[in-house]
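Just so you know, these numbers come straight off a predicted model, no measurement behind them.
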Amino acid sequence: MEILILAFFVLGYLVLGGADIGVGMALPYLGRSPAERREVIAAIAPFFLGNEVWLVAAAGVLAGLFPRLEGELLHGNHTVVVTLLVAWVVRDMGLWLRGRVPGARWQAFWDGAIVAGSWGLALSWGTLLAHVLLGIQGPAAALPALVLAALFGTHGLTFAALRLRGTLRERAAVLSGGAGEWRTYALTSAALVVVGVLAGLRLPLEPGTAGPLLVPVVLTLLPFLVASQAWVWWTFRHRVSGPSYL
């Protein structure tokens, strides 16, 4: 049961959080003016905080139920983990602060923070997964990290194609074959799930001793998390029609 709980949160984050990471990576391509970039950001604005809950929950499950695995993942990966956390903070600062001041330079600076933070997240996850899947670190991990980052970017483009309209949708759907956004989104989601499952099969998934205490608590809270996420997705199910932001 502990393994299923960890897999649920990790795979959920890769699919849901991977979408807004990918949109941030593609921001300069999708939005070619400040107004367009604001509209692109509006496509992920209702979701990115909820998506990050999955990562926080996964980290909590890892620390509480798999303390040995947590130690092994952190050992030798301190630089990657710190880079990931810094990129996370930078990306979120950009999303929150971009619209606070109506100045072109201010917005351009935080647009750059969103892009840099999103690429930092994608490459950090790619490097960490490359280490788990292939057992490589350092410069040798650059190529598989770039491949996984490209997967995040493609996933984000397909999500943007589902959320945007008009010219922005056409740009985002460049890889989706016109009206094939859902098909492509399903394929990229499946690819991320496969990567996550393969990584999990390479890890020593030995639960700690806290399972009997923590598992009932997690199972009790799980329906509320899923219900709240479903409510957000239902509420904001329509395509973005304007530059509303946070």
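Side-chain atoms of Arg163 do not come within 3.5 Å of backbone N or O of Arg239 as any donor-acceptor pair. Between the side chain of Arg38 and the backbone N or O of Ala35, no donor-acceptor pair lies under 3.5 Å.
Glu52 CD to Ile21 CD1: the interatomic distance, rounded to the nearest 0.5 Å, is 8.5 Å. With rounding to the nearest 0.5 angstrom, the CG atom of Leu30 is 11.0 Å from the CD atom of Glu39. Taking OG1 of Thr83 as the start and CG of Leu121 as the end, the distance is 10.5 Å to the nearest 0.5 Å. Note that CD of Glu170 is 11.5 Å distant from CG of Leu164, once rounded to the nearest 0.5 Å. The CZ atom of Arg237 sits 7.5 Å away from the OG1 atom of Thr235 when rounded to the nearest 0.5 Å. To the nearest 0.5 Å, the span separating CD1 on Ile41 from CZ on Arg37 amounts to 8.5 Å.
Around atom CZ of Arg105, no more than 12 heavy atoms belonging to other residues, nucleotides or ligands sit under 6.0 Å away.
The hydrophobic clustering, which links ILVMFWY residues whose side-chain heavy atoms are closer than 4.5 Å, places Val56 and Phe9 together. Tracing side-chain contacts under 4.5 Å through hydrophobic residues (I, L, V, M, F, W, Y), one reaches Val15 starting from Leu198; they form part of the same cluster. Val195 and Leu143 fall into different hydrophobic clusters, where Ile, Leu, Val, Met, Phe, Trp and Tyr are joined by side-chain heavy atoms under 4.5 Å apart, directly or via other members. Cluster membership check: Val194 shares its hydrophobic cluster with Leu16, using side-chain heavy-atom separations under 4.5 Å among Ile, Leu, Val, Met, Phe, Trp and Tyr.
The aromatic rings of Phe47 and Trp233 sit tilted, their planes meeting at an angle between 30° and 60°.
When every heavy atom of Gly120 is checked against every heavy atom of Ser124, the shortest pair comes out as O-OG, 2.7 Å. Scanning both residues, Leu123 and Ala149, for their nearest heavy atoms gives CD2-CB, 3.8 Å. Residue Val10 comes nearest to Ala58 through the heavy atom pair CG2-CB, 3.9 Å, listed as atom of the first residue, atom of the second, then distance. Between Leu148 and Ala130, the shortest heavy-atom distance links the atoms CD1-N, 4.4 Å. Considering all non-hydrogen atoms of both residues, Val101 and Gln107 come closest at O-NE2, 3.7 Å. Ala161 and Ala172 get closest at one heavy-atom pair: N-CB, 3.5 Å.
Applying the salt bridge (charged side-chain N to carboxylate O under 4.0 Å, His left out) test to pairs two or more places apart or on separate chains, those with a residue in residues 6-22 are Asp20-Arg91. Pairs of residues two or more places apart, or lying in two chains, that qualify as ring-ring contact (aromatic ring centres under 6.0 Å, His included) and include a residue from residues 108-146 are Tyr13-Trp125, Trp106-Trp110.
At a threshold of 4.5 Å between non-hydrogen side-chain atoms, the residues Phe8 and Val61 do not count as touching. Between Phe159 and Ile44, some side-chain heavy-atom pair lies under the 4.5 Å cut-off. The shortest distance between side-chain heavy atoms of Pro34 and Arg98 falls below 4.5 Å. Side-chain atoms of Ile3 and Phe66, non-hydrogen and from C-beta on, do get closer than 4.5 Å to each other. Inter-residue side-chain proximity for Leu133 and Pro144 is flagged as unmet; no heavy-atom pair is nearer than 4.5 Å.
For Tyr29, the side chain to side chain contact (heavy atoms under 4.5 Å, CB included) partners are Arg32, Leu157, Arg171, Val174, not counting sequence neighbours. Taking the side chain to side chain contact (heavy atoms under 4.5 Å, CB included) definition, one finds that Val197 meets it with Leu11, Val193, Leu201, sequence neighbours left out. Leu162 meets the side chain to side chain contact (heavy atoms under 4.5 Å, CB included) test with Glu181, Trp182, Tyr185; sequence neighbours excluded. Take Val86 and apply the side chain to side chain contact (heavy atoms under 4.5 Å, CB included) test, not counting sequence neighbours, and it matches Val82, Val90.
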Go through the steps to decide whether Val23 and Phe48 satisfy the test side chain to side chain contact (heavy atoms under 4.5 Å, CB included), and finish with yes or no.
CA-CA 11 Å; Val23 171; Phe48 79 94; over 6 Å; no

Please step through side chain to side chain contact (heavy atoms under 4.5 Å, CB included) for the pair Leu6 and Leu65, ending with a clear verdict.
CA-CA 9 Å; Leu6 179 62; Leu65 298 179; over 6 Å; no

Candidate pair Phe152 and Leu192, rule side chain to side chain contact (heavy atoms under 4.5 Å, CB included), full reasoning:
CA-CA 8 Å; Phe152 277 113; Leu192 287 168; 4.2 Å; yes

